[in-house]
> 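To start, I am sharing the structure in question, which I have written as structure tokens.
Being a predicted model, the structure only gives us computed values, none of them experimental.
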Amino acid sequence: MKVLKRIPDMDDNALSRLFFNAQVQLQDDKLHDAAASVLEAIELEWQKRLAAYEAGNHKAATPKEGVLSKVGYKVGADGLKEPVRRRILDYVLTGTLPPVGSPAHMAEWGEPKSRQRFRKLHRVIRVLASSGNTLGTMDKAVAEWEDDLNYLDREWKSKCIS
């Protein structure tokens, strides 16, 4: 697959777009295996970049969005369907996160499956839902954030203990 060879040369933003596209393609039986291979290669590349980034040898592209935006998480009128959102949330809790901002910012997210990561993810979504409530025009987004918070509590709260 040609895209696998290009992954090491892709900038951080292009890699994030590829990650999102592969997550969506997992839904399609014909594309599932190829998408899984792409996600595996992205995971390895993100691990390399994070190690280099923390050592001061990789400068992440300055994102205009945070971790959730970087991995394609989106709610509301133009948002993702629940199964894709949940897969992305599961990944955020268990996988290697893309470099976003500074090493200090990434350190706030903690390690995969940690209580720190769970709390950070929960806090970010809670802030989004609270902000959306104050605007009054984001009912669908707020409802989906609340649903996702309930999902995190139900499925992950007891699993993230370290």
> In chain order, what residues pass the side-chain hydrogen bond (donor to acceptor under 3.5 Å, both in side chains) check against Gln27, with sequence neighbours excluded?
Arg87

> Please, which pairs that meet salt bridge (Lys or Arg N to Asp or Glu O under 4.0 Å) have at least one residue in residues 20-34, sequence neighbours excluded?
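Every pair satisfying salt bridge (Lys or Arg N to Asp or Glu O under 4.0 Å) with a residue in residues 20-34: there are none.
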
> In terms of heavy-atom contacts, does CD of Glu40 have more than 12 from other residues, nucleotides or ligands at under 6.0 Å?
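It does not: Glu40 CD has 12 such atoms or fewer within range.
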
> Quick one: ring pair (Phe, Tyr, Trp, His ring centres under 6.0 Å) partners of Phe19, sequence neighbours excluded?
Trp46, Tyr91

> Apply salt bridge (charged side-chain N to carboxylate O under 4.0 Å, His left out) to Arg49 and list each qualifying residue two or more places apart in sequence or on a separate chain.
Asp12, Glu45

> Considering residues at least two apart in sequence or located in another chain, which fulfil the side chain to side chain contact (heavy atoms under 4.5 Å, CB included) criterion with Ala36?
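With sequence neighbours excluded, Ala36 shows a side chain to side chain contact (heavy atoms under 4.5 Å, CB included) to Leu26, given in chain and number order.
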
> State which residues pass side chain to side chain contact (heavy atoms under 4.5 Å, CB included) with Ala143; sequence neighbours excluded, sorted by chain then number.
none

> When clusters are formed by joining ILVMFWY residues with side-chain heavy atoms under 4.5 Å apart, either directly or through shared neighbours, do Val142 and Val127 land in the same one?
no

> How long is the span from the NZ atom in Lys113 to the SG atom in Cys160, to the nearest 0.5 Å?
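So the gap between those two atoms works out to 8.5 Å.
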
> State yes or no: do Leu128 and Leu135 share one hydrophobic cluster built from I, L, V, M, F, W and Y residues joined by side-chain heavy-atom distances below 4.5 Å, directly or via other members?
yes

> Among residues at least two apart in sequence or on other chains, which ones pass side-chain hydrogen bond (donor to acceptor under 3.5 Å, both in side chains) with Trp156?
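Scan of Trp156 (side-chain hydrogen bond (donor to acceptor under 3.5 Å, both in side chains), adjacent residues dropped) gives Asp90.
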
> When rounded to the nearest 0.5 angstrom, what is the spacing between CG in Asp11 and CG in Asp9?
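Between Asp11 CG and Asp9 CG, I get 10.5 Å after rounding to 0.5 Å.
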
> Which residues satisfy the salt bridge (charged side-chain N to carboxylate O under 4.0 Å, His left out) test with Lys140, sequence neighbours excluded?
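Here the qualifying residues are Glu144.
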
> When you compare the side chain of Arg117 with that of Leu97, does any pair of heavy atoms fall below 4.5 Å?
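Yes. Closest side-chain heavy atoms under 4.5 Å.
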
> How many angstroms lie between CG in Asp147 and CD in Glu82, if you round to the nearest 0.5 Å?
6.5 Å

> In the structure I gave you, are the side-chain heavy atoms of Leu50 and Gln47 within less than 4.5 Å of one another anywhere?
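When only atoms from C-beta onward are counted, Gln47 and Leu50 do not touch, as no gap falls below 4.5 Å.
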
> Checking Arg126 now: which residues fulfil side-chain hydrogen bond (donor to acceptor under 3.5 Å, both in side chains) with it, not counting sequence neighbours?
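Result, side-chain hydrogen bond (donor to acceptor under 3.5 Å, both in side chains) vs Arg126: Glu146.
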
> What heavy-atom pair brings Ser37 and Met1 nearest, and what distance separates the two atoms?
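Shortest heavy-atom separation between Ser37 and Met1 comes out as CB-CE, 4.0 Å.
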
> For the CZ atom of Arg85 and the CG atom of Asp148, what is their distance to the nearest 0.5 Å?
4.0 Å

> So, do Val92 and Tyr73 sit near enough that their side-chain heavy atoms are less than 4.5 Å apart?
no

> State, to 0.1 Å, how close Ser16 and Pro98 come at their nearest heavy-atom pair, and which atoms those are.
OG-CB, 4.3 Å

> Quick one: NZ on Lys159 to CZ on Arg115, what's the gap to the nearest 0.5 Å?
12.5 Å

> Can you name the residues that form a side chain to side chain contact (heavy atoms under 4.5 Å, CB included) with Lys74, not counting sequence neighbours?
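In terms of side chain to side chain contact (heavy atoms under 4.5 Å, CB included), with neighbours along the sequence ignored, Lys74 is linked to Asp78, Leu80.
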
> Considering only distance and modelled atom types, tabulate donor-acceptor pairs under 3.5 Å from the side chains of residues 118-125, sequence neighbours left out.
unit_1: Lys120; atom_1: NZ; unit_2: Glu108; atom_2: OE1; d: 2.7
unit_1: His122; atom_1: NE2; unit_2: Asp153; atom_2: OD1; d: 3.0
unit_1: His122; atom_1: NE2; unit_2: Asp153; atom_2: OD2; d: 3.4

> Looking at every non-hydrogen atom in both residues, tell me the closest pair between Val38 and Ile7 and how far apart they are.
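Distance-wise, the nearest heavy atoms are O-CD1, 4.2 Å.
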
> Quick check: is Val3 connected to Leu31 through a chain of hydrophobic side chains (ILVMFWY, heavy atoms under 4.5 Å apart)?
no

> How many angstroms lie between atom CG of Leu39 and atom CD of Gln25, to the nearest 0.5 angstrom?
9.0 Å

> In chain order, what residues pass the salt bridge (charged side-chain N to carboxylate O under 4.0 Å, His left out) check against Glu43, with sequence neighbours excluded?
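Glu43: no salt bridge (charged side-chain N to carboxylate O under 4.0 Å, His left out) contacts found.
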
> For the residue pair Thr94 and Pro112, what are the closest heavy atoms and their distance?
O-CB, 3.3 Å

